[in-house]
Amino acid sequence: VMVRCLRRGSLCEAKNLGPSSGPNRLRDLCTFCTISLDQEEVYRTKVYEKSVSPFYGEDFYFEIPRPFQCLSFYVYAKSMFQIRDLPVGKVAIRKEDLYKYCGKENWFQLQPVDPHSEVQVSERLEMKLNELITENGSICQQLVVQIIACQGLPLISGQNCDPYATVTLVGSDQKKTKVKKKTSDPQFEETFHFEVTRSSSYKGRSHFHVEEEDIEKLEIKVELWNNGNLAQDVFLGETRVSVKILRNDHIHRAWYLLQPKGNGTKSKPDDLGSLRLKVTYTEDNVLPSACYTALRNLMLKSPDVKPISASAAHVLGDICRESVGYEALLPVVRLLLHHNRLLLFLTSVAALELENTQEANTIFRGNSLATRCIDDMMKIVGRSYLTVTLKPVLNEIFESNKTCEIDPVKLKEGDNVEVNKENLQGYVQKVFTSITQSSSSCPPLMCDVFRSLRQLASKHFPADPHVQYSAVSSFIFLRFFAVAVLSPHTFQLRSHHPDPEISRTLTLISKTIQSLGSWGSLSKNKLSSFKETYMYDFFKLFQEDECIEKVKMFLDEISSNVSKESSGVEDSFVLKEGEVHKRAQGRKRIGKKNFKKRWLRVTNQELSYHKQKGKEALCVIPVKNILSVEKLEESAFNRKNMFQVIQSEKPLYVQAGNCVETNSWIEVLSQVSRCNPGRLSTFHPSAYVGGSWLCCKEPNESTPGCKPCTATVLANIQLDIDCDRETERIFSFFSSNRSRLQKMEGVYSLQQYKIKTGQMYFLNTHVCDSSVYVFIIFYQNVLSPLLKKCFLSIDVTKTYEIIANVKSFQSIQDISCLIFSFTQKQSTV
C-alpha cells in the first residue's frame with residue numbers, strides 16, 4: 001500500500017502581534033511566516049509591510065514525503081538592525097489533531113518560541129535491572145541503560161548535527177556518549193551502569209524484586225545535545241523514564257519522543273497575538289492498480305451513458321454536491337483526461353445544462369457540474385498557456401508597481417487620477433493584446449471543447465447569432481484569464497500573494513478584461529454593466545470597433561472547425577525550477593569538489609543548472625540521457641535532502657532545500673525520463689569516495705548498482721496525473737457519501753452499486769434508454785407529488801421492476817396507467 005499525504009491551506013492574517021505591552025511591540029518591524037514539518041522549514045511567505053495585524057493571504061499546497069509528528073507555523077519579525085530574524089510566536093498542531101481543523105478557518109493563539117521547547121526527536125532506549133555481588137560479598141542492584149539510537153534530528157544552520165547524549169540517574173553523576181559527527185540519525189549503541197542500593201527486605205537470589213517505595217524514587221533522565229565545538233552546545237530534547245516500569249518487564253526497550261526541557265512547564269506567557277489559518281490534510285492509501293480496475297472502468301464508461309445524468313461520474317457529482325460541492329469532480333476530470341475520454345463527457349454535460357437554459361444571456365454563467373468540470377480542465381491543461389500569455393506582463397506590473405487607483409474615494413493625497421488612469425490603461429492594453437494574440441498557444445483540448453460549446457449553443461439558440469461567442473467567452477475570459485490576473489499566485493504565475501496596492505491594480509485590470517471579453521453579443525451597450533461611475537468613464541476608452549473585432553477574431557480562432565494539428569516538434573515548457581546546492585562533478589583535475597549554490601531548471605527536453613536565475617546555463621543534460629533519479633544516503637556527504645541524477649557520465653549530486661522539495665525534484669525528473677531507453681534497474685544509494693563505493697565497498701567505479709531502482713508510477717508528467725490515486729479519491733467520495741447513494745438508489749433504481757472490501761462492484765445494469773429517463777423525470781416531478789396529495793405511498797423499486805423489461809413506452813399516459821393499476825389495490829384515486 002502506498003500512503004500519499006497531501007496538505008493544502010491558507011495563511012490568512014495575524015493580529016495584535018508582539019507582547020501586549022512594553023517597547024517590544026512590533027509596530028516598526030516587517031513580518032513573515034514559515035511552515036515547518038517537525039523542525040524542517042518547507043514553506044516561507046514573503047516579507048510583509050510594517051503592521052501589528054498583517055494580512056498574508058498566501059495559499060500553500062505540497063506533498064508530504066516522510067512521516068512527521070507536528071505541523072508548525074512560525075511568525076518572524078525582520079529588522080534592519082538585527083542579523084537574525086526575531087521569532088514572534090508559533091502555532092504547533094500535532095498530526096493526530098489536524099482533523100479537528102480540517103477545511104475550516106480558525107484563529108490560533110501564538111505561543112512563545114523557546115529553543116528548549118522545539119523538540120520533535122525520537123530516541124531508543126533499553127533498560128534492565130541486574131544483580132551484582134560487590135567486593136565485600138554483599139548484593140546490590142545494578143541498573144543498565146543502553147542508548148541505542150536517535151531519529152529525526154534537525155539541521156543546525158543548514159547542516160547535520162554533531163549529537164551526543166547524557167544519562168543521569170537522580171542522585172548520581174552524569175554520564176556521556178561519544179559525539180557522532182554530521183548525522184541526523186545517530187547510532188550510539190553505548191551502555192551505562194548505575195548501582196542501586198538493594199532493599200533491606202531483599203532475601204531471594206534467583207528472582208529480583210524491588211520494593212515499591214524504592215522504585216518511586218528512581219528516575220533516568222536522558223538529554224540530547226548538539227556539540228557546538230567552539231560555540232555553545234544546543235539542547236535538542238530530553239526524556240525521563242521511571243525505573244518502576246521494570247516492575248513488569250525485566251528488560252524494557254522502547255522508542256521515546258523527546259520532550260522540552262523540564263517537560264515544557266512555563267509560566268503564563270504574554271499575549272503574542274494570533275494567527276488565522278485554514279489547513280486541509282489528506283492521506284490517500286493507494287492500493288495496487290488491479291484493485292481499482294472495476295471502478296476505473298465504470299468511470300471511464302461515463303461519457304457513453306445515455307442520458308449522461310445516469311452515468312457514474314454524474315451520480316458522483318450529485319451525491320457530493322451538498323457535502324463538498326463539486327470538489328469530487330476534480331479526480332473524475334483528471335482520470336478521464338488521462339484516458340482521452342474527457343471531451344465527450346464535457347460535451348454531454350454541457351448539452352444537458354443547455355437543455356435547462358432558457359435565456360441566451362445566462363448561458364454557462366452559474367456554478368454547475370458542467371461549468372465546474374470545464375473550469376478544472378482549463379486549470380489543468382492551460383497552465384503552460386497562462387505562463388506564456390500572462391506571466392511576462394504580470395512580472396512587469398509587479399516590478400514597475402505604478403499607481404492605478406481611479407476610484408476618487410480611494411485616492412491618496414498627492415495622487416493624480418489622470419496619471420493613474422493612463423497607467424491602468426497601459427496595463428490593460430498589454431494584457432488584452434497578450435490574450436487576443438495567444439490563439440496559437442491555446443491547448444488543443446481547450447480548442448476542441450470551445451468548438452463543441454459553440455456548436456451546442458448555436459443549435460439550442462438558432463435565432464441568436466451571437467450566442468456562439470458568449471458560450472466561449474464565458475469560459476476563456478470570465479473563468480480563465482480574468483481569474484488568473486486577479487490571483488496569479490494561485491496559478492503559479494507568481495510565488496507570493498500580491499501586496500494590497502498591486503492587488504487593487506490587478507482587480508481593476510481583471511474587471512476590465514472581464515467586460516472586454518464578455519462581449520458575447522459583440523455590441524457596444526456594455527457600459528450599463530458597470531455600477532461604478534469611475535469604471536464607466538474608464539471603459540469608454542476601449543469602446544471601439546477595433547477591440548470588438550479583436551475579441552471576435554480571437555474567439556473564432558480558438559473555437560474554429562479546423563482542429564489544431566501538432567507541428568511534430570514538441571514545445572519546450574518548464575516543469576520545475578529553483579535554487580539548490582550542487583556538488584562539483586570533478587570535470588577539472590584541480591580544485592575541491594565542494595557544494596555551490598545553483599539555479600536548477602528542468603523542462604520536458606533538458607535539465608540545466610545556472611549560476612543564477614536568468615543566467616546562461618553552465619551545464620545542460622538532455623532528458624533522454626537520464627538513466628535514473630534516486631535519493632542519496634545522508635552518509636555520502638553528511639547532508640540531508642540529497643538526490644542523484646544518474647547519466648552515462650558522472651552522477652549529478654544535488655541537495656534540495658527541504659524534504660518536500662527533494663521529493664518534488666525526484667518525482668518530476670523520474671516522470672520526464674521514465675520512457676528513456678537504457679534506464680537502469682539498479683543503482684548505488686551512496687557515493688564513490690576514496691576509491692570505493694560507500695554503500696557496497698566495491699572498488700570499481702563502473703560496478704553495477706547494489707540496490708534496485710525505485711519503480712516509477714506511470715503518470716502524465718505535464719498534467720501530473722496518477723490514475724490509481726485519482727481512482728482512490730473517487731472511491732473515498734463514494735464511500736463517504738454512501739447513505740446519499742443508497743437514497744438515490746431507491747429513487748432511480750437504474751444502477752446498483754455495492755461498496756465491499758475496498759472495491760465498488762457494478763451488480764446489475766438496466767437499459768438506461770430515453771423511456772426510462774422519461775419515467776424518472778415524470779415520477780419525480782408529476783406522479784410523486786400527486787400521490788402524496790392523495791395520501792398514497794408507492795414503492796418505486798417494485799414499480800420499476802414491472803417496467804424495467806419494457807423496451808419503450810408510447811406516452812406518459814402508458815406509464816401512469818401502469819403505475820395506477822399497480823396501486824389501485826391499496827387505495828382509490
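- Here CD1 of I646 is found 8.0 Å from OH of Y653. Values are rounded to the nearest 0.5 Å.
- In this structure, R729 does not pair ionically with E327, as no charged nitrogen and carboxylate oxygen lie closer than 4.0 Å.
- Closest heavy-atom contact between F538 and I406: CB-CD1, 3.8 Å.
- The distance from atom OG1 of T505 to atom CD1 of I397, rounded to the nearest 0.5 Å, is 8.0 Å.
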Should L386 and F480 be marked as a side chain to side chain contact (heavy atoms under 4.5 Å, CB included) after you check the CA-CA gap, both sets of side-chain angles, and the distance that decides it?
CA-CA 9 Å; L386 284 175; F480 189 60; 3.4 Å; yes
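- Counting heavy atoms of neighbouring residues, nucleotides and ligands inside a 6.0 Å radius, atom NZ of K421 exceeds 12 of them.
- With hydrogens and angles disregarded, no donor-acceptor distance shorter than 3.5 Å links the side chain of D284 to the backbone of V286.
- For F364 and F475, the distance between ring centers is under 6.0 angstrom.
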For salt bridge (charged side-chain N to carboxylate O under 4.0 Å, His left out), just list the numbers for E422 and K402, CA-CA rounded to whole Å, side-chain angles, deciding distance to a tenth of an Å, and then say yes or no.
CA-CA 10 Å; E422 186 178 337; K402 297 178 182 178; over 6 Å; no
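- From K552, atom NZ reaches atom CD1 of I548 across 11.5 Å, with rounding to the nearest 0.5 Å.
- In this structure, Y385 has its ring center under 6.0 Å from that of F481.
- Of all heavy-atom pairs between C547 and F432, the closest is O-CZ, 3.9 Å.
- Counting only distance, with no hydrogens or angles, the side chain of T371 and the backbone of G366 share a donor-acceptor pair below 3.5 Å.
- With hydrogens and angles ignored, the 3.5 Å screen pairs a side-chain donor or acceptor of D464 with a backbone N or O of H466.
- Residues E353 and S368 have side chains that bring a donor and an acceptor to within less than 3.5 angstrom of each other.
- Put simply, the side chain of L555 does not reach to within 4.5 Å of the side chain of F450, judged on heavy atoms.
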Please report the C-alpha distance between L394 and L506 in whole Å, then the side-chain angles of each, then the deciding distance to 0.1 Å, and finally whether the side chain to side chain contact (heavy atoms under 4.5 Å, CB included) criterion is met.
CA-CA 9 Å; L394 287 175; L506 296 179; 3.9 Å; yes
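- Between K379 and D375 there is no salt bridge, since none of the side-chain N atoms of the basic residue sits less than 4.0 Å from a carboxylate O of the acidic one.
- Between A457 and Q468, the shortest heavy-atom contact is CB-CA, 4.4 Å.
- At least one side-chain heavy atom of F491 sits less than 4.5 Å from a side-chain heavy atom of V483.
- The backbone N or O of V467 lies less than 3.5 Å from a partner atom in the side chain of S470, making a donor-acceptor pair.
- Side-chain contact check for E58 versus H489: every heavy-atom pair is 4.5 Å or farther apart.
- Atoms CD and CG, from E649 and N625 in turn, are 8.5 Å apart once rounded to the nearest 0.5 Å.
- Minimum interatomic distance between R601 and W665 (heavy atoms only, all atoms of both residues): N-CH2, 4.5 Å.
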Hey, mind stepping through L336 and L300 against side chain to side chain contact (heavy atoms under 4.5 Å, CB included) and telling me if it holds?
CA-CA 6 Å; L336 294 176; L300 293 177; 3.9 Å; yes
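- For the side chain to side chain contact (heavy atoms under 4.5 Å, CB included) with L669, the qualifying choice from V654, V645, V623 is V645, the only one to do so.
- No side-chain donor-acceptor contact under 3.5 Å links N423 to the backbone of C404.
- Put simply, the side chain of N676 gets close to the backbone of I626: a donor and an acceptor are under 3.5 Å apart.
- Put simply, the side chain of E726 does not reach to within 4.5 Å of the side chain of H338, judged on heavy atoms.
- Here the closest non-hydrogen pair linking V332 and A328 is CG2-O, 3.8 Å.
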Determine, step by step, whether R334 and D376 satisfy the salt bridge (charged side-chain N to carboxylate O under 4.0 Å, His left out) criterion, reporting the C-alpha distance in whole Å, the side-chain angles of both residues, the deciding distance to 0.1 Å, and the verdict.
CA-CA 9 Å; R334 294 168 70 86; D376 288 338; over 6 Å; no
Between I666 and K631, does the side chain to side chain contact (heavy atoms under 4.5 Å, CB included) criterion hold? Intermediate values first, please.
CA-CA 8 Å; I666 293 174; K631 286 186 177 180; 3.3 Å; yes
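- Under a 3.5 Å cut-off, the side chain of S438 and the backbone N or O of I435 do form a donor-acceptor pair.
- Remark: the backbone N or O of C33 is paired with a side-chain donor or acceptor of T45 at under 3.5 angstrom.
- Remark: the backbone N or O of K597 is not paired with any side-chain donor or acceptor of E579 at under 3.5 angstrom.
- Across all non-hydrogen atoms, the minimal contact from S559 to R454 is OG-NH1, 2.9 Å.
- Rounding to the nearest 0.5 angstrom, the gap separating the CG atom in N604 from the OG atom in S673 is 12.5 Å.
- Judged by distance alone, with hydrogens and angles left aside, the side-chain atoms of S302 form a donor-acceptor pair with the main-chain N or O of M299 at under 3.5 Å.
- Between R451 and D448 there is a salt bridge, with a side-chain nitrogen of the basic residue lying less than 4.0 Å from a carboxylate oxygen of the acidic one.
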